[in-house]
*Asks:* 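Okay, here's the structure, questions in a sec.
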Amino acid sequence: MEKDIKAGIPSALAAETTVVPMVSQSRSEDEESTAVKRTAAQAFSGAGMIPKRRSSSRSIKRKKFDDELVESSLAKSTSRVKGQPVIEPIRCPGSDLASSDKKKGLKSGSSLTPPLTMVIAPSSMTKRMKKNKQPLQITKDLGRWKPTDDLLLINAVLQTTDLTSVHLGVKFSCRFTLREIQERWYALLYDPVISKLAWQAMRQLHPEAIAAIQSKALFSQTEEALLAKIISSSQPKLEVFQDLLNKHPNVFYPSRTAKNLMVHWQLLKQYYLLEDQSVQPMPKGEQVLNFSDAEQVVDDAKLKDSRDEVLEHELMIADRHQKREIRQLEQELPRWQVLVDSITGMNSPDFDNQTLAALRGRMVRYLMRSREITLGRATKDKQIDVDLSLEGPAWKISRKQGIIKLKNNGDFFIANEGRRPIYIDGRPVLSGNKWKLNNNSVMEIAGLRFVFLINQELISLIKAEAAKMNQP
């Protein structure tokens, strides 16, 4: 037993000796790591790698930017320069070490680098630039294309299935090239952003605008084939084209009308594209075919004549003098005509017992036999008393240009009801204004001149009757 006990004691001691060094070794490693960290922190804070900054105690009130906001859990609020990364050492908590342990930690820490964490706040400008660049890339491809253009393009491609014919036959809001039309069509097909924006814009169009765009849709080949079957020698009416629409509702575009079909059939007939028509053969010989052929035949050398600058200058001066004289004569003609009438007494045939006044021009004479007459341009829908188009070109004159009235005191007044001014003796009477007419007043309306003549005898009788009626 004693031998066994004695033999067991060394083994236990050996076990204890093996355990104790392991525990002491683990403790020494922890102490060394804490010492290394503490010495690294002291080296960074006290050794002078990050010098202390002198700062004022005054508080500056200013707004903080995004790059200055740091979470409180990562680091304490410290003053730093904007835009630079902030380097802060992280100190690990631990118990105080002895002086010998500190020396060991310094020796072992000289070869190690202290653990550091870099807190870098990304700048907000880069985020803003990225946010601003996205809509620019989206809207860059929109360009000059409008929702009406997109709808025209879609309808035309669905009708013809040919982008070249769309480029030649469709009139967009801008002049697009064939390449631009191709790029737009591919963008509508394959670009989800552009197609979504275009679809939203087209949905916001007014129904009348959509109907107007659909009425401009190109004719497909099947539609033209049905129209070409109508014989050119016949003169079809709208009922024929309406029956054609009713028979083939799936072939024709939904917005087609009988009038549209009739107009397109006439175009096909004009260009010899109907089934019973054949293109006329080219004439033989030296006969001129078109303007380009005639232009090639003409010799340019024969057309170049020597210019005489002196002669052209004299002709220009003579033409200017003649035009000036013609204008002066036109302005003086009504005055001379009034003088001739007053001297010779030729104005007596202008009036009779029922004519109150007369409006005399160069070609026509208008008699005023009622107290109120209307001046203007007669149309099929509206008839007036005095049609000024009989005197000359009256396309600038309104349908109801003016009204001439006779008051009870024997005075004539003209009221301008049109858009253009009426000149009375050279003075303009604008729209909505009135002016008194005297005997031999010269009236000018859109280049047409008239002389207003008053039947003095009949007007004097009217004044006398009015005076008798006013007497008590």
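For this chain, numbers begin at 1 and follow the sequence in order. Keep in mind that what you see is a predicted model, and the values were worked out from it rather than measured.
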*Asks:* For the backbone of I397 and the side chain of R377, can you confirm whether one donor and one acceptor N or O come within less than 3.5 Å of each other?
*Replies:*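 It does hold such a pair.
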*Asks:* Of all the heavy-atom pairs spanning N416 and I422, show the shortest one and how long it is.
*Replies:*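 Heavy-atom minimum between the residues: ND2-N, 3.6 Å.
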*Asks:* Side chains of D381 and T379: donor-acceptor distance under 3.5 Å anywhere?
*Replies:*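 No, T379 and D381 have no side-chain donor paired with an acceptor closer than 3.5 Å.
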*Asks:* Got a second to check how far Y190's OH is from S195's OG, nearest 0.5 Å?
*Replies:*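 If we round to the nearest 0.5 Å, Y190:OH and S195:OG are 12.0 Å apart.
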*Asks:* Please determine whether a side-chain nitrogen of the Lys or Arg among R179 and E183 lies less than 4.0 Å from a carboxylate oxygen of the Asp or Glu.
*Replies:*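 Looking at E183 together with R179, the answer is yes, because their closest N to O distance falls below 4.0 Å.
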*Asks:* For a salt bridge (Lys or Arg N to Asp or Glu O under 4.0 Å) with R449, tell me which candidate from E391, E444, E330 qualifies.
*Replies:*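 The residue from E391, E444, E330 that satisfies salt bridge (Lys or Arg N to Asp or Glu O under 4.0 Å) with R449 turns out to be E444.
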*Asks:* Does any non-hydrogen side-chain atom of V442 lie less than 4.5 Å from one of I424?
*Replies:*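 No; the side chains remain at least 4.5 Å from each other.
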*Asks:* Go through it in stages, so that I can follow the logic: the residues are L153 and L188, the test is side chain to side chain contact (heavy atoms under 4.5 Å, CB included), and I'd like the CA-CA distance, side-chain angles, deciding distance and then a yes or no.
*Replies:* CA-CA 10 Å; L153 177 61; L188 291 175; 4.2 Å; yes
*Asks:* Is the shortest side-chain heavy-atom distance between L406 and I459 below 4.5 Å?
*Replies:*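 A side-chain contact exists here, since the closest heavy-atom pair is under 4.5 Å.
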*Asks:* Which heavy atom of L367 sits nearest a heavy atom of A358, and at what distance?
*Replies:*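 Closest approach of L367 to A358: CD2-CB, 4.0 Å.
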*Asks:* Do T257 and N260 pair up side chain to side chain, a donor and an acceptor below 3.5 Å, judged on atom types alone?
*Replies:*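 Per modelled atom types, T257 and N260 side chains form a pair under 3.5 Å.
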*Asks:* Could you measure the distance from the CG atom of L274 to the CG atom of D276? Nearest 0.5 Å is fine.
*Replies:*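 Nearest 0.5 Å value for the CG-CG distance: 6.0 Å.
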*Asks:* For R256 and Q159, work out which heavy atoms get closest and say how close.
*Replies:*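 Scanning both residues completely, I find the closest heavy atoms to be NH2-NE2, 3.5 Å.
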*Asks:* Using modelled atom types only, decide if a donor and an acceptor are shared between the side chain of Q401 and the backbone of S398 within a distance under 3.5 Å.
*Replies:*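 At least one qualifying donor-acceptor pair exists.
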*Asks:* I need the minimum non-hydrogen distance between G169 and L218, along with the two atoms involved.
*Replies:*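 Scanning both residues, the minimum pair turns out to be O-CD2, 3.7 Å.
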*Asks:* Side chains of N155 and Y253: closer than 4.5 Å at any heavy-atom pair?
*Replies:*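 The answer is yes; the side chains approach within 4.5 Å.
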*Asks:* Assess whether atom CD of E457 is packed by more than 12 heavy atoms of other residues, nucleotides or ligands within 6.0 Å.
*Replies:*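 Not more than 12 within 6.0 Å, no.
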*Asks:* Go through D319 and K323 one step at a time and tell me if the side chain to side chain contact (heavy atoms under 4.5 Å, CB included) criterion holds.
*Replies:* CA-CA 6 Å; D319 184 36; K323 288 180 179 179; 3.5 Å; yes
*Asks:* Hey, what's the ring geometry for F172 with F176, parallel, tilted or perpendicular (30° and 60° as the breaks)?
*Replies:*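 Ring orientation, 0 to 90° scale: perpendicular.
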*Asks:* Below 4.5 Å, heavy atoms only, C-beta onward: do L375 and L359 meet side chain to side chain?
*Replies:*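 With C-beta onward as the side chain, the pair touches.
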*Asks:* At their closest point, which heavy atom of M202 faces which heavy atom of L151, and how far apart are they?
*Replies:*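 Closest heavy-atom pair between M202 and L151: SD-N, 3.7 Å.
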*Asks:* Is there a side chain to side chain contact (heavy atoms under 4.5 Å, CB included) between R320 and M316? Walk through the geometry before answering.
*Replies:* CA-CA 6 Å; R320 192 177 298 171; M316 183 179 64; 4.0 Å; yes
*Asks:* If you round to the nearest 0.5 Å, how far is CG of L388 from CG of L448?
*Replies:*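 Rounded to the nearest 0.5 Å, the CG-CG separation comes to 6.5 Å.
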*Asks:* Distance-only, no hydrogens or angles: does the S255 side chain make a donor-acceptor pair with backbone N or O of Q214 under 3.5 Å?
*Replies:*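 Flag set: sc S255 to bb Q214 pair under 3.5 Å.
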*Asks:* E224 and H264: side-chain donor and acceptor closer than 3.5 Å?
*Replies:*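 Yes, because at least one side-chain N or O of E224 sits under 3.5 Å from a partner of the opposite role on H264.
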*Asks:* Can you tell me how far CD of E208 sits from CD1 of I210, rounded to the nearest 0.5 angstrom?
*Replies:*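 The distance works out to 10.5 Å.
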*Asks:* When you compare the side chain of L244 with that of L227, does any pair of heavy atoms fall below 4.5 Å?
*Replies:*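 Yes, at least one pair of side-chain atoms sits under 4.5 Å.
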*Asks:* For side chain to side chain contact (heavy atoms under 4.5 Å, CB included), just list the numbers for E180 and R184, CA-CA rounded to whole Å, side-chain angles, deciding distance to a tenth of an Å, and then say yes or no.
*Replies:* CA-CA 6 Å; E180 290 176 344; R184 184 62 178 179; over 6 Å; no
*Asks:* Using a 6.0 Å cut-off, check whether atom CD1 of I231 has over 12 heavy atoms from anything other than its own residue.
*Replies:*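 No, because the 6.0 Å sphere around CD1 of I231 holds 12 heavy atoms or fewer from other groups.
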*Asks:* For S389 and D387: C-alpha separation, side-chain torsions, deciding distance, then whether side-chain hydrogen bond (donor to acceptor under 3.5 Å, both in side chains) applies.
*Replies:* CA-CA 5 Å; S389 61; D387 186 8; 2.7 Å; yes
*Asks:* For residues S431 and G418, report the shortest heavy-atom separation together with the two atoms involved.
*Replies:*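 Shortest heavy-atom contact: OG-O, 2.9 Å.
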*Asks:* Above 12 or not: heavy atoms from other molecules or residues under 6.0 Å from CH2 of W265?
*Replies:*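 For W265, atom CH2 is crowded (more than 12 foreign heavy atoms under 6.0 Å).
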*Asks:* Would you call M443 and L437 a side-chain contact if the rule is heavy atoms closer than 4.5 Å?
*Replies:*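 Touching, per the 4.5 Å side-chain cut-off.
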*Asks:* Any chance CZ of R419 has more than 12 other-residue heavy atoms, nucleotides or ligands included, within less than 6.0 Å?
*Replies:*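 Atom CZ in R419 is not packed in, count stays at 12 or less.
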*Asks:* Is the F452 ring parallel, tilted or perpendicular to the F412 ring (thresholds 30°, 60°)?
*Replies:*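 Judged by the thresholds at 30° and 60°, the geometry between F452 and F412 is perpendicular.
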*Asks:* Less than 4.5 Å apart, side chain to side chain, heavy atoms only: is that true for L152 and K146?
*Replies:*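 No, too far: nothing below the 4.5 Å cut-off.
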*Asks:* Please check if atom CZ in R371 has more than 12 non-hydrogen atoms from other residues, nucleotides or ligands closer than 6.0 Å.
*Replies:*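 Yes, the 6.0 Å shell around CZ holds more than 12 heavy atoms from other groups.
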*Asks:* Would you say the side chain of E372 lies within less than 4.5 Å of the side chain of I403, judging by non-hydrogen atoms?
*Replies:*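 Heavy-atom side-chain distance check passes, below 4.5 Å.
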*Asks:* Flag yes if more than 12 heavy atoms outside M363 fall under 6.0 Å of its CE atom; otherwise flag no.
*Replies:*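 No, because the 6.0 Å sphere around CE of M363 holds 12 heavy atoms or fewer from other groups.
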*Asks:* Can you measure from NZ (K269) to CD (Q277) and round to the nearest 0.5 angstrom?
*Replies:*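 Taking NZ in K269 and CD in Q277, the distance rounds to 7.5 Å.
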*Asks:* Hey, what do you get for CD (Q235) to CD1 (I230), rounding to the nearest 0.5 Å?
*Replies:*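 Rounded to the nearest 0.5 Å, the CD-CD1 separation comes to 13.0 Å.
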*Asks:* Is the number of heavy atoms from other residues, nucleotides or ligands within 6.0 Å of CD (Q200) greater than 12?
*Replies:*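 Check passes, neighbour count above 12.
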*Asks:* Answer with yes or no whether the side chains of N455 and T355 bring together a donor and an acceptor at under 3.5 Å.
*Replies:*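 No, no side-chain donor-acceptor contact under 3.5 Å.
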